[in-house]
Amino acid sequence: MRIPIQEVTPDLEKATIAGWVHEERDLGGLAFFLIRDRTGIMQVTVPKKKVPEAVLHAIKEVSRESVVRVTGIIKATEKAPGGRELVPESFEILAKAASPLPLDVAEKVPAEIDTRLDARFLDVRRPRIASIFQIRSRVMEATHSFLFNEGFINITTPKVVAAATEGGTELFPIAYFEKEAFLGQSPQLYKQMMMAGGCEKVFEIGPIFRAEEHNTVRHLNEATSIDVEVSFADHEDVMQLLERLMRTVYQAVADDCADQLAHLGVTDPAIPDTTLPRLPYAEAIEIAARKSEDPIAYGDDLGTASERIIGEEMGAHYFITEWPTAIRPYYAMPNERDPSICNAFDLMHPRMELSSGAQRCHIHDQLVEQIRSKGLSPEGFEFYLKPFRYGMPPHAGWGLGAERLVMTMCGLQNIREAVLFPRDRHRVTP
RNA sequence: GCCCAGAUAGUGUAGUGGCCUAUCAUGAUGCCCUGUCACGGCAUCGACUCGGAUUCGAAUUCCGAUCUGGGCGCCA
(Lines give C-alpha, C1' and ligand atoms only; values in the text may rest on other atoms or scores of the structure.)
Protein backbone atom coordinates (compact mmCIF):
# COMPACT_ATOMS: atom_id res chain seq x y z
CA MET A 1 0.00 0.00 0.00
CA ARG A 2 1.51 3.30 -1.11
CA ILE A 3 1.72 6.04 1.49
CA PRO A 4 2.24 9.77 1.00
CA ILE A 5 5.84 10.85 1.42
CA GLN A 6 4.90 13.30 4.15
CA GLU A 7 3.71 10.34 6.25
CA VAL A 8 6.96 8.42 6.00
CA THR A 9 8.52 8.78 9.44
CA PRO A 10 11.70 7.22 10.84
CA ASP A 11 9.72 4.88 13.10
CA LEU A 12 8.17 3.04 10.15
CA GLU A 13 9.92 -0.23 9.40
CA LYS A 14 8.96 -0.53 5.80
CA ALA A 15 7.09 1.60 3.30
CA THR A 16 6.03 1.89 -0.30
CA ILE A 17 6.17 5.32 -1.87
CA ALA A 18 5.26 6.41 -5.37
CA GLY A 19 6.04 9.58 -7.21
CA TRP A 20 8.35 11.28 -9.65
CA VAL A 21 12.16 11.12 -9.77
CA HIS A 22 13.09 14.64 -8.75
CA GLU A 23 16.88 14.25 -8.80
CA GLU A 24 19.43 11.51 -8.95
CA ARG A 25 22.98 11.46 -7.67
CA ASP A 26 25.10 8.47 -8.45
CA LEU A 27 28.28 8.32 -6.38
CA GLY A 28 29.41 4.99 -7.75
CA GLY A 29 28.80 2.30 -5.16
CA LEU A 30 26.06 4.40 -3.65
CA ALA A 31 23.24 6.27 -5.39
CA PHE A 32 20.67 8.70 -4.12
CA PHE A 33 17.27 9.37 -5.64
CA LEU A 34 14.94 12.13 -4.53
CA ILE A 35 11.37 10.98 -5.02
CA ARG A 36 8.65 13.61 -5.06
CA ASP A 37 4.92 13.28 -4.62
CA ARG A 38 2.22 15.85 -3.88
CA THR A 39 3.12 15.89 -0.21
CA GLY A 40 6.87 16.23 -0.32
CA ILE A 41 10.25 14.90 -1.34
CA MET A 42 12.24 12.08 0.23
CA GLN A 43 15.49 10.34 -0.37
CA VAL A 44 15.89 6.78 -1.60
CA THR A 45 19.37 5.51 -0.90
CA VAL A 46 20.74 2.64 -2.95
CA PRO A 47 23.85 0.84 -1.65
CA LYS A 48 24.52 -1.00 -4.87
CA LYS A 49 26.15 -4.03 -3.31
CA LYS A 50 23.25 -4.68 -0.97
CA VAL A 51 20.16 -4.37 -3.15
CA PRO A 52 18.51 -6.92 -5.48
CA GLU A 53 19.63 -7.14 -9.08
CA ALA A 54 16.23 -5.87 -10.26
CA VAL A 55 16.73 -2.62 -8.34
CA LEU A 56 20.12 -2.08 -9.96
CA HIS A 57 18.58 -2.64 -13.35
CA ALA A 58 15.76 -0.19 -12.66
CA ILE A 59 17.97 2.63 -11.39
CA LYS A 60 20.13 2.32 -14.46
CA GLU A 61 17.04 2.52 -16.65
CA VAL A 62 15.19 5.34 -14.88
CA SER A 63 15.27 8.99 -16.00
CA ARG A 64 14.44 12.24 -14.21
CA GLU A 65 10.70 12.86 -13.80
CA SER A 66 9.82 9.23 -14.44
CA VAL A 67 7.04 7.86 -12.26
CA VAL A 68 8.27 5.17 -9.90
CA ARG A 69 7.06 3.01 -7.05
CA VAL A 70 9.64 2.12 -4.44
CA THR A 71 9.31 -0.28 -1.54
CA GLY A 72 11.91 -0.77 1.13
CA ILE A 73 13.24 -0.38 4.62
CA ILE A 74 12.93 3.00 6.32
CA LYS A 75 16.04 4.04 8.19
CA ALA A 76 16.39 6.93 10.55
CA THR A 77 19.45 8.93 9.63
CA GLU A 78 20.76 12.38 10.30
CA LYS A 79 22.37 12.39 6.90
CA ALA A 80 19.15 12.35 4.89
CA PRO A 81 16.64 15.20 4.41
CA GLY A 82 13.70 14.75 6.77
CA GLY A 83 15.75 12.50 9.05
CA ARG A 84 14.85 9.31 7.20
CA GLU A 85 15.66 7.45 4.03
CA LEU A 86 14.33 4.47 2.15
CA VAL A 87 16.56 1.58 1.10
CA PRO A 88 14.76 -0.19 -1.72
CA GLU A 89 13.85 -3.84 -1.98
CA SER A 90 11.96 -3.06 -5.14
CA PHE A 91 12.15 -0.10 -7.53
CA GLU A 92 9.55 -0.15 -10.29
CA ILE A 93 9.35 2.26 -13.20
CA LEU A 94 5.64 2.91 -13.75
CA ALA A 95 6.17 5.42 -16.54
CA LYS A 96 9.50 6.44 -17.94
CA ALA A 97 9.92 10.12 -18.76
CA ALA A 98 11.42 11.05 -22.10
CA SER A 99 14.55 13.15 -22.27
CA PRO A 100 15.37 15.97 -22.52
CA LEU A 101 12.61 17.53 -20.46
CA PRO A 102 10.94 20.69 -21.83
CA LEU A 103 11.88 22.44 -18.59
CA ASP A 104 13.83 21.71 -15.45
CA VAL A 105 11.44 20.69 -12.67
CA ALA A 106 14.21 20.80 -10.08
CA GLU A 107 14.63 24.52 -10.88
CA LYS A 108 18.39 24.51 -11.32
CA VAL A 109 17.81 26.44 -14.52
CA PRO A 110 15.04 29.02 -14.69
CA ALA A 111 12.43 28.97 -17.46
CA GLU A 112 10.45 31.80 -18.95
CA ILE A 113 6.71 31.97 -18.41
CA ASP A 114 6.03 31.11 -22.03
CA THR A 115 8.16 27.96 -21.92
CA ARG A 116 6.52 27.03 -18.63
CA LEU A 117 2.99 27.48 -19.92
CA ASP A 118 3.76 25.36 -22.97
CA ALA A 119 4.62 22.55 -20.55
CA ARG A 120 2.33 23.55 -17.72
CA PHE A 121 1.90 19.99 -16.45
CA LEU A 122 5.64 19.86 -15.79
CA ASP A 123 5.71 23.37 -14.40
CA VAL A 124 3.03 22.46 -11.87
CA ARG A 125 5.19 19.59 -10.62
CA ARG A 126 7.39 22.24 -9.05
CA PRO A 127 6.39 22.54 -5.41
CA ARG A 128 6.47 26.32 -5.61
CA ILE A 129 4.05 26.41 -8.54
CA ALA A 130 1.80 23.73 -7.06
CA SER A 131 1.57 25.94 -3.96
CA ILE A 132 -0.11 28.68 -5.97
CA PHE A 133 -2.90 26.37 -7.02
CA GLN A 134 -3.28 24.86 -3.58
CA ILE A 135 -3.72 28.39 -2.28
CA ARG A 136 -6.12 29.22 -5.09
CA SER A 137 -8.14 26.14 -4.20
CA ARG A 138 -8.29 27.25 -0.57
CA VAL A 139 -9.33 30.75 -1.64
CA MET A 140 -12.19 29.29 -3.66
CA GLU A 141 -13.27 26.96 -0.89
CA ALA A 142 -13.20 29.76 1.69
CA THR A 143 -15.15 32.03 -0.64
CA HIS A 144 -17.84 29.43 -1.22
CA SER A 145 -18.26 28.58 2.43
CA PHE A 146 -18.22 32.23 3.48
CA LEU A 147 -20.97 33.13 1.02
CA PHE A 148 -23.07 30.08 1.94
CA ASN A 149 -22.70 31.02 5.61
CA GLU A 150 -23.90 34.51 4.76
CA GLY A 151 -27.08 32.99 3.32
CA PHE A 152 -26.30 33.23 -0.38
CA ILE A 153 -27.46 30.83 -3.02
CA ASN A 154 -25.14 29.80 -5.79
CA ILE A 155 -26.42 30.43 -9.31
CA THR A 156 -25.14 29.55 -12.75
CA THR A 157 -25.88 31.89 -15.62
CA PRO A 158 -25.23 31.55 -19.34
CA LYS A 159 -21.86 32.28 -20.84
CA VAL A 160 -23.33 32.37 -24.33
CA VAL A 161 -25.16 35.67 -24.61
CA ALA A 162 -26.99 37.59 -27.28
CA ALA A 163 -25.36 40.99 -27.19
CA ALA A 164 -23.21 43.52 -25.48
CA THR A 165 -25.30 44.74 -22.62
CA GLU A 166 -23.00 45.90 -19.91
CA GLY A 167 -21.15 47.99 -22.40
CA GLY A 168 -17.50 48.79 -22.14
CA THR A 169 -15.28 45.92 -23.11
CA GLU A 170 -15.15 44.06 -26.37
CA LEU A 171 -16.86 40.69 -26.72
CA PHE A 172 -15.84 37.51 -28.45
CA PRO A 173 -18.31 36.63 -31.20
CA ILE A 174 -19.06 32.93 -31.51
CA ALA A 175 -20.78 30.78 -34.10
CA TYR A 176 -24.18 29.89 -32.64
CA PHE A 177 -26.26 28.20 -35.33
CA GLU A 178 -27.97 30.93 -37.33
CA LYS A 179 -27.85 33.53 -34.57
CA GLU A 180 -25.31 36.12 -33.53
CA ALA A 181 -23.92 35.33 -30.11
CA PHE A 182 -21.05 36.26 -27.82
CA LEU A 183 -19.16 34.96 -24.82
CA GLY A 184 -20.34 36.66 -21.63
CA GLN A 185 -18.18 39.43 -20.21
CA SER A 186 -19.97 39.51 -16.85
CA PRO A 187 -22.89 37.77 -15.11
CA GLN A 188 -23.97 41.20 -13.83
CA LEU A 189 -27.29 41.50 -15.64
CA TYR A 190 -28.30 37.94 -14.83
CA LYS A 191 -27.52 38.48 -11.17
CA GLN A 192 -29.76 41.53 -11.25
CA MET A 193 -32.54 39.57 -12.92
CA MET A 194 -32.39 37.14 -10.04
CA MET A 195 -32.97 40.05 -7.68
CA ALA A 196 -36.26 40.49 -9.53
CA GLY A 197 -36.54 36.72 -9.12
CA GLY A 198 -36.70 37.19 -5.37
CA CYS A 199 -33.46 35.34 -4.63
CA GLU A 200 -32.20 38.26 -2.53
CA LYS A 201 -28.62 36.99 -2.18
CA VAL A 202 -26.92 35.27 -5.08
CA PHE A 203 -23.37 34.50 -6.06
CA GLU A 204 -21.69 33.01 -9.04
CA ILE A 205 -18.06 32.09 -9.54
CA GLY A 206 -17.36 31.54 -13.17
CA PRO A 207 -15.49 32.53 -16.29
CA ILE A 208 -15.79 35.91 -17.93
CA PHE A 209 -14.49 36.66 -21.40
CA ARG A 210 -13.10 39.95 -22.61
CA ALA A 211 -11.83 40.50 -26.10
CA GLU A 212 -9.53 43.38 -25.20
CA GLU A 213 -6.22 43.24 -27.02
CA HIS A 214 -4.19 44.25 -24.04
CA ASN A 215 -0.95 42.55 -23.34
CA THR A 216 -0.12 43.11 -19.71
CA VAL A 217 0.79 41.14 -16.61
CA ARG A 218 -2.59 41.82 -15.03
CA HIS A 219 -5.07 41.09 -17.82
CA LEU A 220 -6.52 37.83 -19.10
CA ASN A 221 -9.00 37.28 -21.88
CA GLU A 222 -10.62 34.54 -19.85
CA ALA A 223 -10.77 35.29 -16.15
CA THR A 224 -12.64 33.99 -13.14
CA SER A 225 -15.10 36.35 -11.56
CA ILE A 226 -16.47 36.04 -8.03
CA ASP A 227 -19.79 37.82 -8.43
CA VAL A 228 -22.41 38.64 -5.82
CA GLU A 229 -25.68 40.56 -5.79
CA VAL A 230 -27.77 41.43 -2.73
CA SER A 231 -31.33 42.78 -2.50
CA PHE A 232 -32.36 45.46 -0.03
CA ALA A 233 -28.73 46.44 0.23
CA ASP A 234 -26.80 49.54 -0.74
CA HIS A 235 -23.19 50.01 -1.74
CA GLU A 236 -22.06 50.31 1.88
CA ASP A 237 -23.69 46.97 2.75
CA VAL A 238 -21.92 45.13 -0.02
CA MET A 239 -18.61 46.85 0.68
CA GLN A 240 -18.84 45.50 4.20
CA LEU A 241 -19.64 42.07 2.78
CA LEU A 242 -16.56 42.32 0.62
CA GLU A 243 -14.43 43.35 3.58
CA ARG A 244 -15.62 40.33 5.54
CA LEU A 245 -14.95 38.08 2.57
CA MET A 246 -11.43 39.41 2.08
CA ARG A 247 -10.59 38.96 5.73
CA THR A 248 -12.07 35.46 5.85
CA VAL A 249 -10.25 34.31 2.75
CA TYR A 250 -6.90 35.73 3.82
CA GLN A 251 -7.34 34.20 7.26
CA ALA A 252 -8.18 30.78 5.79
CA VAL A 253 -5.06 30.85 3.62
CA ALA A 254 -2.89 32.07 6.49
CA ASP A 255 -4.24 29.28 8.73
CA ASP A 256 -4.17 26.39 6.29
CA CYS A 257 -1.53 27.20 3.69
CA ALA A 258 1.51 28.20 5.75
CA ASP A 259 3.81 25.82 3.84
CA GLN A 260 2.53 27.00 0.49
CA LEU A 261 3.00 30.66 1.42
CA ALA A 262 6.50 29.83 2.60
CA HIS A 263 7.27 28.20 -0.76
CA LEU A 264 6.23 31.44 -2.40
CA GLY A 265 8.27 33.55 -0.03
CA VAL A 266 5.21 35.27 1.41
CA THR A 267 6.17 35.82 5.02
CA ASP A 268 3.35 38.16 5.92
CA PRO A 269 0.03 37.57 4.13
CA ALA A 270 -1.17 40.98 5.45
CA ILE A 271 -4.71 40.03 6.39
CA PRO A 272 -6.91 43.01 5.49
CA ASP A 273 -8.52 45.02 8.26
CA THR A 274 -12.21 44.63 9.00
CA THR A 275 -12.78 48.21 8.01
CA LEU A 276 -10.86 49.31 4.96
CA PRO A 277 -10.33 52.99 4.22
CA ARG A 278 -12.92 54.67 1.97
CA LEU A 279 -11.10 57.06 -0.30
CA PRO A 280 -13.47 59.34 -2.16
CA TYR A 281 -12.66 59.63 -5.84
CA ALA A 282 -12.04 63.37 -5.48
CA GLU A 283 -9.34 62.74 -2.88
CA ALA A 284 -7.83 59.97 -4.97
CA ILE A 285 -7.52 62.42 -7.83
CA GLU A 286 -5.86 64.94 -5.52
CA ILE A 287 -3.25 62.41 -4.42
CA ALA A 288 -2.59 61.41 -8.00
CA ALA A 289 -2.42 65.02 -9.20
CA ARG A 290 -0.02 65.99 -6.40
CA LYS A 291 2.53 63.32 -7.28
CA SER A 292 1.96 62.80 -10.95
CA GLU A 293 3.91 64.38 -13.74
CA ASP A 294 0.91 64.43 -16.06
CA PRO A 295 -2.00 66.76 -15.38
CA ILE A 296 -4.95 64.97 -13.79
CA ALA A 297 -8.31 66.54 -13.13
CA TYR A 298 -11.62 65.61 -11.56
CA GLY A 299 -13.60 63.55 -14.04
CA ASP A 300 -10.60 61.71 -15.47
CA ASP A 301 -10.29 57.96 -15.30
CA LEU A 302 -7.66 56.77 -12.90
CA GLY A 303 -4.91 55.41 -15.10
CA THR A 304 -2.32 52.82 -14.17
CA ALA A 305 0.18 55.46 -13.09
CA SER A 306 -2.38 57.13 -10.83
CA GLU A 307 -3.40 53.80 -9.33
CA ARG A 308 0.22 53.11 -8.50
CA ILE A 309 0.75 56.48 -6.85
CA ILE A 310 -2.41 56.17 -4.79
CA GLY A 311 -1.62 52.57 -3.91
CA GLU A 312 1.79 53.57 -2.55
CA GLU A 313 0.16 56.31 -0.51
CA MET A 314 -2.51 53.97 0.94
CA GLY A 315 -0.15 51.04 1.53
CA ALA A 316 -2.90 48.41 1.94
CA HIS A 317 -6.32 47.47 0.60
CA TYR A 318 -8.74 50.38 0.27
CA PHE A 319 -11.95 51.40 -1.45
CA ILE A 320 -12.34 54.22 -3.92
CA THR A 321 -15.85 55.60 -3.47
CA GLU A 322 -18.03 58.51 -4.59
CA TRP A 323 -17.24 58.16 -8.26
CA PRO A 324 -18.52 60.72 -10.75
CA THR A 325 -21.68 59.33 -12.33
CA ALA A 326 -20.34 60.37 -15.71
CA ILE A 327 -17.48 57.87 -15.71
CA ARG A 328 -19.34 54.85 -14.33
CA PRO A 329 -21.71 52.54 -16.21
CA TYR A 330 -25.43 53.31 -16.63
CA TYR A 331 -26.53 50.80 -14.02
CA ALA A 332 -24.84 52.60 -11.08
CA MET A 333 -27.22 54.36 -8.72
CA PRO A 334 -26.64 58.12 -8.49
CA ASN A 335 -26.16 59.42 -4.98
CA GLU A 336 -29.35 60.73 -3.32
CA ARG A 337 -27.79 63.99 -2.14
CA ASP A 338 -25.54 64.64 -5.13
CA PRO A 339 -26.51 62.90 -8.37
CA SER A 340 -23.25 63.98 -9.99
CA ILE A 341 -21.60 61.21 -7.99
CA CYS A 342 -22.83 57.65 -7.74
CA ASN A 343 -22.87 54.78 -5.30
CA ALA A 344 -20.14 52.87 -7.04
CA PHE A 345 -16.84 51.68 -5.62
CA ASP A 346 -13.66 49.86 -6.49
CA LEU A 347 -11.75 47.65 -4.09
CA MET A 348 -8.07 48.31 -4.60
CA HIS A 349 -4.95 46.44 -3.66
CA PRO A 350 -1.93 48.77 -3.67
CA ARG A 351 -0.84 47.06 -6.90
CA MET A 352 -4.16 47.06 -8.78
CA GLU A 353 -7.93 47.01 -8.87
CA LEU A 354 -9.44 43.82 -7.46
CA SER A 355 -13.16 44.45 -7.49
CA SER A 356 -15.71 46.81 -8.83
CA GLY A 357 -19.25 47.23 -7.54
CA ALA A 358 -22.17 49.52 -6.92
CA GLN A 359 -25.61 50.01 -5.64
CA ARG A 360 -27.61 49.49 -8.83
CA CYS A 361 -30.32 51.67 -10.18
CA HIS A 362 -33.51 49.61 -9.66
CA ILE A 363 -36.03 52.16 -10.93
CA HIS A 364 -37.08 51.35 -14.50
CA ASP A 365 -37.65 54.84 -15.90
CA GLN A 366 -34.50 56.23 -14.32
CA LEU A 367 -32.49 53.32 -15.72
CA VAL A 368 -33.85 53.97 -19.21
CA GLU A 369 -32.84 57.59 -18.84
CA GLN A 370 -29.34 56.63 -17.73
CA ILE A 371 -28.94 54.24 -20.63
CA ARG A 372 -29.90 57.07 -22.98
CA SER A 373 -27.57 59.54 -21.32
CA LYS A 374 -24.66 57.13 -22.02
CA GLY A 375 -25.57 57.30 -25.67
CA LEU A 376 -26.97 53.78 -25.72
CA SER A 377 -30.30 52.63 -27.02
CA PRO A 378 -32.81 51.23 -24.49
CA GLU A 379 -34.36 49.10 -27.24
CA GLY A 380 -31.30 46.91 -27.22
CA PHE A 381 -31.73 46.29 -23.53
CA GLU A 382 -35.27 44.95 -23.51
CA PHE A 383 -34.44 41.59 -21.94
CA TYR A 384 -32.50 43.42 -19.24
CA LEU A 385 -35.11 46.12 -18.61
CA LYS A 386 -38.13 43.82 -18.45
CA PRO A 387 -37.55 42.62 -14.87
CA PHE A 388 -37.38 46.25 -13.73
CA ARG A 389 -41.05 46.71 -14.62
CA TYR A 390 -42.43 44.02 -12.34
CA GLY A 391 -41.10 44.70 -8.87
CA MET A 392 -37.34 45.05 -8.74
CA PRO A 393 -36.05 45.50 -5.20
CA PRO A 394 -33.23 47.92 -4.45
CA HIS A 395 -29.96 46.00 -4.71
CA ALA A 396 -26.20 46.19 -4.88
CA GLY A 397 -23.35 43.90 -5.79
CA TRP A 398 -19.81 43.49 -7.00
CA GLY A 399 -17.49 41.38 -9.07
CA LEU A 400 -14.13 40.31 -7.69
CA GLY A 401 -11.33 39.05 -9.92
CA ALA A 402 -10.23 35.68 -8.55
CA GLU A 403 -6.89 35.68 -10.36
CA ARG A 404 -6.06 39.18 -9.18
CA LEU A 405 -6.96 38.18 -5.64
CA VAL A 406 -4.63 35.17 -5.77
CA MET A 407 -1.97 37.18 -7.59
CA THR A 408 -1.83 39.97 -5.03
CA MET A 409 -2.14 37.58 -2.09
CA CYS A 410 0.78 35.46 -3.30
CA GLY A 411 2.88 38.36 -4.57
CA LEU A 412 2.93 37.00 -8.13
CA GLN A 413 4.42 39.21 -10.81
CA ASN A 414 2.27 37.94 -13.67
CA ILE A 415 -1.44 37.12 -13.54
CA ARG A 416 -0.79 34.11 -15.77
CA GLU A 417 0.89 32.53 -12.75
CA ALA A 418 -2.50 32.43 -11.04
CA VAL A 419 -4.23 30.44 -13.81
CA LEU A 420 -3.37 26.90 -14.82
CA PHE A 421 -4.05 27.45 -18.50
CA PRO A 422 -4.25 31.20 -19.14
CA ARG A 423 -5.95 32.66 -22.17
CA ASP A 424 -4.25 35.84 -23.27
CA ARG A 425 -3.83 37.81 -26.46
CA HIS A 426 -1.82 35.05 -28.12
CA ARG A 427 -2.38 31.87 -26.18
CA VAL A 428 -5.16 29.39 -26.87
CA THR A 429 -3.22 26.23 -26.01
CA PRO A 430 -2.73 24.13 -24.01
C1' G B 1 -6.10 49.87 -31.01
C1' C B 2 -1.29 52.63 -30.08
C1' C B 3 3.90 52.29 -28.50
C1' C B 4 8.53 49.76 -27.09
C1' A B 5 11.56 45.52 -26.85
C1' G B 6 13.12 40.68 -28.05
C1' A B 7 14.06 35.80 -30.87
C1' U B 8 21.36 31.73 -30.05
C1' A B 9 21.65 23.80 -28.01
C1' G B 10 15.87 20.65 -24.29
C1' U B 11 16.21 24.93 -20.60
C1' G B 12 18.50 29.70 -19.00
C1' U B 13 22.38 32.62 -21.13
C1' A B 14 27.40 35.17 -23.37
C1' G B 15 28.09 37.62 -27.91
C1' U B 16 28.53 45.21 -30.51
C1' G B 17 31.51 43.09 -38.54
C1' G B 18 37.02 38.93 -39.06
C1' C B 19 39.77 36.48 -32.67
C1' C B 20 32.70 32.23 -33.69
C1' U B 21 34.36 25.08 -36.95
C1' A B 22 29.73 30.47 -31.09
C1' U B 23 30.58 31.28 -24.21
C1' C B 24 28.95 29.48 -19.63
C1' A B 25 25.50 26.83 -16.64
C1' U B 26 22.04 23.01 -16.57
C1' G B 27 20.81 18.53 -19.17
C1' A B 28 21.79 13.94 -21.96
C1' U B 29 25.47 9.83 -23.03
C1' G B 30 29.98 7.09 -21.47
C1' C B 31 33.88 6.25 -17.79
C1' C B 32 35.71 6.93 -12.41
C1' C B 33 33.68 7.52 -7.52
C1' U B 34 29.95 4.28 -0.77
C1' G B 35 26.91 9.57 2.38
C1' U B 36 25.28 12.90 -1.66
C1' C B 37 21.88 16.90 -0.62
C1' A B 38 23.32 22.74 -6.63
C1' C B 39 27.81 15.80 -5.17
C1' G B 40 32.71 15.86 -7.61
C1' G B 41 36.23 14.54 -11.80
C1' C B 42 37.21 13.31 -17.15
C1' A B 43 35.33 12.87 -22.16
C1' U B 44 31.39 13.40 -25.70
C1' C B 45 26.53 15.44 -27.70
C1' G B 46 23.50 19.54 -28.70
C1' A B 47 21.79 26.15 -31.04
C1' C B 48 22.38 31.56 -34.22
C1' U B 49 13.47 32.05 -36.23
C1' C B 50 12.73 32.72 -41.70
C1' G B 51 13.54 35.53 -46.41
C1' G B 52 16.13 39.38 -48.76
C1' A B 53 20.01 43.38 -48.73
C1' U B 54 24.94 45.69 -47.53
C1' U B 55 30.01 43.66 -47.26
C1' C B 56 35.92 40.51 -49.32
C1' G B 57 33.53 38.70 -44.71
C1' A B 58 27.08 38.88 -40.88
C1' A B 59 24.83 35.51 -34.81
C1' U B 60 26.31 40.79 -35.01
C1' U B 61 24.27 46.18 -39.65
C1' C B 62 19.71 47.31 -42.77
C1' C B 63 14.67 45.90 -44.81
C1' G B 64 10.55 42.59 -44.63
C1' A B 65 7.93 38.39 -42.56
C1' U B 66 6.73 35.21 -38.55
C1' C B 67 6.55 34.38 -33.48
C1' U B 68 6.96 36.26 -28.53
C1' G B 69 7.43 39.51 -24.21
C1' G B 70 6.12 44.18 -22.05
C1' G B 71 3.91 49.27 -21.52
C1' C B 72 -0.47 52.33 -22.36
C1' G B 73 -5.69 53.00 -23.21
C1' C B 74 -9.37 49.97 -20.66
C1' C B 75 -10.51 46.78 -17.00
C1' A B 76 -11.48 41.98 -12.79
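Here is how names work: the chains are called A, B, and so on, in the same order as the sequence lines, proteins then strands, and each is numbered from 1.
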Using only side-chain N and O atoms of [X], determine if any of them is under 4.0 Å from OP1 or OP2 of [N].
| X | N | answer |
| --- | --- | --- |
| A:T304 | B:rG73 | yes |
| A:T115 | B:rU11 | no |
| A:R351 | B:rA76 | no |
| A:R126 | B:rU11 | no |
| A:N414 | B:rG70 | yes |
| A:K48 | B:rG35 | no |

Using a cut-off of 4.0 Å on non-hydrogen atoms, how would the nucleic acid contact of [X] be classed: base, sugar-phosphate, or nothing?
| X | value |
| --- | --- |
| A:K49 | base |
| A:A111 | sugar-phosphate |
| A:A80 | base |
| A:R427 | nothing |
| A:Q43 | base |
| A:S355 | sugar-phosphate |
| A:H426 | sugar-phosphate |
| A:L400 | nothing |
| A:I208 | nothing |
| A:R218 | base |
| A:E85 | base |
| A:K79 | base |
| A:D26 | base |
| A:E65 | nothing |

For [X], look at atom [atom1] and say whether over 12 heavy atoms of other residues, nucleotides or ligands are found less than 6.0 Å away.
| X | atom1 | answer |
| --- | --- | --- |
| A:E107 | CD | yes |
| A:R2 | CZ | yes |
| A:R69 | CZ | no |

Legend entry - Between OG1 on residue A:T325 and CG on residue A:N343, distance to nearest 0.5 Å: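 If we round to the nearest 0.5 Å, A:T325:OG1 and A:N343:CG are 8.5 Å apart.
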Legend entry - Euclidean distance, A:R308 CZ relative to A:R351 CZ, rounded to 0.5 Å: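 So the gap between those two atoms works out to 10.5 Å.
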In whole Å, measure the gap between the [atom1] atoms of [N] and [M] for me.
| N | M | atom1 | answer |
| --- | --- | --- | --- |
| B:rA5 | B:rC75 | C1' | 24 Å |
| B:rG18 | B:rC50 | C1' | 25 Å |
| B:rG30 | B:rU66 | C1' | 40 Å |
| B:rG6 | B:rU16 | P | 15 Å |
| B:rU49 | B:rA43 | C1' | 32 Å |
| B:rG73 | B:rU55 | C1' | 44 Å |
| B:rU8 | B:rA14 | C1' | 10 Å |
| B:rC74 | B:rC37 | C1' | 50 Å |

Inset, instruction - Using the six-membered ring wherever Trp is involved, compare the ring planes of A:H219 and A:H214 and label them parallel, tilted or perpendicular (cut-offs 30° and 60°). - result: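 Plane angle under 30°, so parallel.
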Legend entry - Aromatic plane relationship, A:F203 with A:H144 - under 30° parallel, 30 to 60° tilted, over 60° perpendicular: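 If you compare the ring of A:H144 with that of A:F203, the planes turn out perpendicular.
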Legend entry - Distance-minimising heavy-atom pair for A:D227 and A:G399: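 Answer, listing the atom of A:D227 first, then A:G399: OD1-CA, 3.7 Å.
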Selection from [options] that lies nearest to any side-chain heavy atom of [X]:
| X | options | result |
| --- | --- | --- |
| A:V109 | B:rG12, B:rG27, B:rG35 | B:rG12 |
| A:P100 | B:rA76, B:rG12, B:rG10 | B:rG10 |
| A:S99 | B:rA28, B:rU68, B:rU26 | B:rA28 |
| A:T216 | B:rC72, B:rU36, B:rG12 | B:rC72 |
| A:E307 | B:rC75, B:rG12, B:rG27 | B:rC75 |
| A:D114 | B:rC37, B:rG70, B:rU68 | B:rU68 |

Is [N] paired to anything, Watson-Crick or G-U wobble with both distances less than 3.5 Å, and if yes, which nucleotide?
| N | result |
| --- | --- |
| B:rG1 | B:rC72 |
| B:rG30 | B:rC42 |
| B:rG6 | B:rC67 |
| B:rC56 | B:rG18 |
| B:rA25 | B:rU11 |

Inset, instruction - Please figure out whether A:L101 or A:L347 has its closest RNA chain B nucleotide nearer the 5' end. - result: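 Its nucleotide being nearer the 5' end, the pick is A:L101.
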Legend entry - Comparing A:L302 and A:V62 on RNA chain B - which has the more 5′ nearest nucleotide: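 First, find each residue's nearest nucleotide; the 5'-ward one identifies A:V62.
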Inset, instruction - Look at A:R36 together with A:E23 and state whether they make a salt bridge at an N to O cut-off of under 4.0 Å. - result: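 Looking at A:E23 together with A:R36, the answer is no, because their closest N to O distance does not fall below 4.0 Å.
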Inset, instruction - Look at the side chain of A:H214 and the base of B:rG1, then say whether one donor and one acceptor between them are separated by less than 3.5 Å. - result: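 No such pair is found, so the answer is no.
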Inset, instruction - Answer yes or no: side-chain N or O of A:R25 and base N or O of B:rC33 forming a donor-acceptor pair under 3.5 Å. - result: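 By the distance-only test, no, there is no pair.
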